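Since this is a predicted model, take the numbers as computed values, not measurements. Chain letters run A, B, ... following the sequence lines, proteins first and then strands; every chain starts at 1.
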Amino acid sequence: MPLRGAECQEKQDSKTRGTIHKWLMKSEPESRIEKGVDVKFGIEDLKKEPDQTACWDGVRNYQARNFMRDQMKNGQLAFFYHSNCKNPGIAGIVEIVKESYVDYTQFDKADPHYDSGAKKDNPKWFMVDVKFVRMMKRFISLQELKTLYQNHKSSGGPLKSIALFTSARLSVQPVTEDEFDFICSLEDKPDGDAC
DNA sequence: GCCAACGTTGGC
DNA sequence: GCCAACGTTGGC
C-alpha cells in the first residue's frame with residue numbers, strides 16, 4: 001500500500017531538508033580514571049539506570065555539541081558505540097528521549113569535564129537524554145566495520161564515507177539511513193561474512 | 001604505553 | 001588570520 005499523504009510528505013520533507021535522523025554516540029565501557037573520577041559508561045551501565053535512561057553529559061567538542069543541540073530530536077535512534085576499550089564497536093541502539101538542555105557538569109568543579117570558561121547565564125555545553133532500546137543481535141566490531149569501509153571505498157558501498165572513519169574523533173556523529181540500515185543488516189550475518 | 005590524527009589555543 | 005605548540009582521542 002502506498003504511503004498516505006502525511007507520511008509521504010514527512011518523508012519527502014526530511015529528505016529535502018537533509019535532516020539527520022540517526023546517530024552514533026561513543027562511550028567508554030571500561031574503567032578509566034579522569035581527574036579522580038571513573039568515566040566508565042558502557043551499554044550495560046545504561047541498562048541499569050532508572051528507566052534505562054541517562055543524560056549524555058561531558059561532550060566537549062563543538063561539532064558534537066552542535067549536532068546534539070541543533071539536530072537531535074526525540075524519537076531518533078543512535079548506535080551506542082564502545083570506544084577506547086579492548087573490543088571497540090557497536091553494542092546496541094538507543095533512542096533520544098529528551099532534547100538538548102544545559103549540561104550542568106560544566107559548572108561542577110568536581111566533574112572531570114568542568115569548564116572554567118562556562119558561565120551560568122551563557123552555558124557552553126549541552127546534552128540530551130538517551131534511552132536503551134536494544135542490544136545489537138551480535139556485537140558489530142570496529143574491525144569488521146573498518147574492513148567493510150575499506151571495501152566500500154572502492155566498490156561505492158553504503159559505508160564508503162561513514163563518519164566513524166572519515167571523522168574518527170567525533171564522539172557524536174551522524175549516520176545516514178543507508179549506513180544505519182546496512183549496519184543493522186549485518187546483525188543477521190555471521191561475523192566476517194559480509195567482508 | 002605509544003603515537004597518529006586532529007582539534008584548540010594563543011602569540012604575532 | 002596564520003600557524004606552531006600543545007592537548008586529546010582512541011586504535012593498536
A.B. asks: Checking the side chain of A:Arg65 only, and the main-chain atoms of A:Lys124 only, is there a donor and an acceptor separated by less than 3.5 Å?
C.D. replies: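 Indeed, once roles are kept as given, a pair shorter than 3.5 Å links the two residues.
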A.B. asks: Return the 5'-most residue of the pair A:Arg169, A:Pro88 with respect to DNA chain C, ranking by each residue's nearest nucleotide.
C.D. replies: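 With A:Arg169 and A:Pro88 compared, the 5'-side residue is A:Arg169.
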A.B. asks: May I ask you to verify if any side-chain N or O of A:Lys26 is less than 4.0 angstrom from the OP1 or OP2 atom of C:dT9?
C.D. replies: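 False: A:Lys26 side-chain N/O out of range (4.0 Å or more) of C:dT9 OP1/OP2.
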A.B. asks: Would one find a side-chain N or O of A:Tyr81 under 4.0 angstrom from OP1 or OP2 of C:dG11?
C.D. replies: yes
A.B. asks: Grab the NZ-C1' distance between A:Lys124 and B:dG7 for me, whole Å please.
C.D. replies: 13 Å
A.B. asks: Nearest whole angstrom, please: distance from the P of B:dT8 to the CG of A:Asn66.
C.D. replies: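 Between P of B:dT8 and CG of A:Asn66: 10 Å.
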A.B. asks: Starting from the C-alpha separation in whole Å, work towards a yes-or-no answer on ring pair (Phe, Tyr, Trp, His ring centres under 6.0 Å) for A:Tyr81 and A:Trp23.
C.D. replies: CA-CA 10 Å; A:Tyr81 179 88; A:Trp23 306 95; over 10 Å; no
A.B. asks: Show your reasoning for whether salt bridge (charged side-chain N to carboxylate O under 4.0 Å, His left out) applies to A:Arg134 and A:Glu187.
C.D. replies: CA-CA 12 Å; A:Arg134 66 173 178 88; A:Glu187 292 183 286; 2.7 Å; yes
A.B. asks: A:Lys146 NZ to B:dA5 C1': how many Å, rounded?
C.D. replies: 12 Å
A.B. asks: Give a yes/no answer on whether the side chain of A:Lys86 brings an N or O atom under 4.0 Å of OP1 or OP2 in C:dG11.
C.D. replies: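 Answer no for this pair, as no side-chain N or O of A:Lys86 is under 4.0 Å from OP1 or OP2.
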A.B. asks: Does A:Asn84 or A:Ser167 map to a spot on DNA chain B nearer the 5' end, using the closest nucleotide for each?
C.D. replies: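 On the 5' side of the pair lies A:Asn84.
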A.B. asks: Scan the side chains in residues 82-98 of chain A for donor-acceptor partners under 3.5 Å anywhere in the protein, sequence neighbours excluded, and list what turns up.
C.D. replies:
| from | atom 1 | to | atom 2 | distance (Å) |
| --- | --- | --- | --- | --- |
| A:His82 | NE2 | A:Ile43 | N | 3.0 |
| A:Asn84 | ND2 | A:Glu28 | OE1 | 3.3 |

A.B. asks: Just how far, in rounded Å, is C1' of C:dG11 from CZ of A:Arg32?
C.D. replies: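 Going from A:Arg32 (CZ) to C:dG11 (C1'), I get 14 Å.
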A.B. asks: Round to the nearest Å and state the distance from A:Arg60 atom CZ to C:dT8 atom C1'.
C.D. replies: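 The distance from CZ of A:Arg60 to C1' of C:dT8 comes to 14 Å, rounded to the nearest Å.
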A.B. asks: What's the CZ-P distance between A:Phe165 and C:dG11, to the nearest Å?
C.D. replies: 9 Å
A.B. asks: Write down the distance between CD (A:Gln63) and P (C:dT9), rounded to a whole number of angstrom.
C.D. replies: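 Atom-to-atom, A:Gln63 to C:dT9, this comes out as 15 Å.
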A.B. asks: Return the value, rounded to whole Å, for the distance between atom CG of A:Asn61 and atom C1' of B:dC6.
C.D. replies: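 So the two atoms are 10 Å apart, to the nearest Å.
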